[in-house]
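Residue numbers start from 1 in every chain, and the chains themselves are labelled A, B, ... in the order their sequence lines are given, proteins ahead of strands. Below, each value reflects all heavy atoms present in this structure, side chains not excepted, and no hydrogens, waters or symmetry copies.
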Amino acid sequence: MTIRYKRPDAKDALSLVQAAKRQMDFTLTMDPSDDSAFTIVRNIYECFRMIGDALLVKKGIESDDHLAPINELLKLKVDTLRPIFLIDNLRRLMHNVNYYGYSPKKAEADDAISIAKSCFKQLHEAVMKEIEKH
Amino acid sequence: MAKKKMKGVKLLELNEAYQKVLQWFFSRPTEKIGLTDLSEALRIAKTTARSVVAKLAEEGFLTIEPIGKLLRISFVHNHPYNFTWKISYNLSLVFSSDVLNEVHKIIPSPKTIILFGSYRKGDDIETSDLDIAVEVIGNEEPKIIEMGLLENFGYRKNVPVHLYVFSRNNVDINLFANIANGIVLEGFLEARP
């Protein structure tokens, strides 16, 4: 994991969070199927990664892998319906997709949607609060 | 200066020997062995073996039974090391073996991989199976896959590996409770209150 330091950028962080929210809202309108599973799982995972990345950007940290943003997100204290640590399972799933050619199924898309519905809103709000802090 | 170096070397050797003896008895808990056979099996000097065995006997981990001029050494099954150090030893063997890669060949994208059963509890013996549970997404019926034999597993040979594939929507509560009390090797096991 390589971490580079730059100027903290709240505006950039806010843009990331807003883009993630838009993308998540759209993704949750998609019908899960074996064909759409890849897009759904990837989009949901990317949205979580983006809001984790926003926390790093706000702190002036640039990471070149997916571990740091997800770990940053998992540090947040939020009350969710399902454990936020499941986001790391999504990261592992996407790793299998990207590096080993695994093809996600409808059941995996259903689970990703359930994780998104159980955790994204609370995490989004918590990240927004962090960004708005001076 | 030279004396100091020698001391360090001796200490390291003793520590290595201590680990070897511990691990040998972790791997062969039902066997009784003589000092000569033990030192040959572990490739350590007999004098070193004697001092390590004496130390472990003093700690209550081994019992030494004199038979004429010989010593018969055996292992105390309810000693705390079996529930502490042995579990970490088993875990290190699982991680250093190729088991997880083999699991991935059978289940390409497991949600969680868990070590459970006797190897997790530390009460495994020579004939115990290595039980690994794999959580998959969906409603799959639980199934047991015999993965084959692990040729070398510490000082143990030909350990059978069983894979319990389950989905949380279709699992017996007792099996799930057993699995949930295992050690997560990979992924995150969701447990609901």
Side-chain angles (χ1 to χ4, degrees), chain A residues 32-42 44-45 48-49 52 66-67 70-76 78-120 122-123, chain B residues 91 94-116 120 132-145 147 163-173 175-193:
Chain A
S33 67
D34 281 347
D35 291 332
S36 66
F38 170 77
T39 308
I40 290 173
V41 171
R42 184 193 56 195
I44 288 175
Y45 167 68
F48 280 118
R49 191 194 60 75
H66 286 203
L67 266 175
I70 296 299
N71 286 341
E72 200 64 23
L73 204 56
L74 299 184
K75 287 179 195 165
L76 292 174
V78 284
D79 191 12
T80 52
L81 294 170
R82 293 182 72 187
I84 57 174
F85 290 93
L86 290 168
I87 297 164
D88 198 53
N89 278 0
L90 285 181
R91 183 188 63 77
R92 287 174 49 250
L93 175 61
M94 281 314 297
H95 186 84
N96 280 338
V97 171
N98 291 335
Y99 295 98
Y100 298 100
Y102 179 72
S103 186
K105 315 274 183 303
K106 180 183 177 294
E108 276 147 338
D110 287 334
D111 193 48
I113 289 169
S114 165
I115 294 168
K117 286 182 175 169
S118 310
C119 305
F120 188 77
Q122 293 89 328
L123 283 170
Chain B
L91 203 56
V94 170
F95 279 120
S96 57
S97 71
D98 215 23
V99 174
L100 291 183
N101 283 338
E102 291 300 312
V103 171
H104 277 275
K105 283 179 192 166
I106 298 169
I107 312 286
S109 193
K111 208 174 164 193
T112 325
I113 304 176
I114 306 121
L115 174 71
F116 76 111
R120 185 264 172 267
I132 292 177
V134 177
E135 185 188 0
V136 292
I137 289 274
N139 295 305
E140 198 168 316
E141 285 282 331
K143 63 181 173 192
I144 301 172
I145 299 171
M147 284 180 65
L163 206 59
Y164 292 72
V165 183
F166 74 99
S167 66
R168 67 176 48 241
N169 300 333
N170 204 348
V171 65
D172 171 74
I173 190 160
L175 175 63
F176 184 75
N178 194 1
I179 290 168
N181 280 286
I183 297 172
V184 174
L185 303 173
E186 201 181 290
F188 179 81
L189 182 75
E190 188 179 3
R192 291 171 195 167

Which pair of heavy atoms, one from A:N96 and one from B:P108, lies closest together, and at what distance? ND2-O, 3.4 Å

When only heavy atoms count and the cut-off is under 4.5 Å, which of residues 163-172 of chain B reach chain A? none

Who passes ring pair (Phe, Tyr, Trp, His ring centres under 6.0 Å) against B:H104, sequence neighbours left out? none

Atom group of A:D88 that falls short of 4.5 Å from chain B, counting heavy atoms: neither

Any side-chain heavy atom of B:K111 within less than 4.5 Å of one from A:D111? yes

Should B:I137 and A:K105 count as side-chain neighbours, where that means a heavy-atom distance under 4.5 Å? no

Looking only at non-hydrogen atoms, find the nearest pair between A:A107 and B:G138 and report the distance. CB-CA, 4.0 Å

B:F188 CZ to A:I84 CD1 distance, which is reported to the nearest 0.5 Å: 9.0 Å

Write down the atom of B:E190, the atom of A:P83, and the distance for their closest heavy-atom approach. OE2-CD, 3.4 Å

Region of A:R91 that comes under 4.5 Å of a non-hydrogen atom in chain B: neither

Side chain, backbone, both or neither: which part of A:Y102 has a non-hydrogen atom closer than 4.5 Å to chain B? side chain

Hits for ring pair (Phe, Tyr, Trp, His ring centres under 6.0 Å) against B:F95, two or more places apart or cross-chain, chain-then-number order -> none

Suppose we screen for ring pair (Phe, Tyr, Trp, His ring centres under 6.0 Å). Which residues come up paired with A:F38, at least two apart in sequence or across chains? none

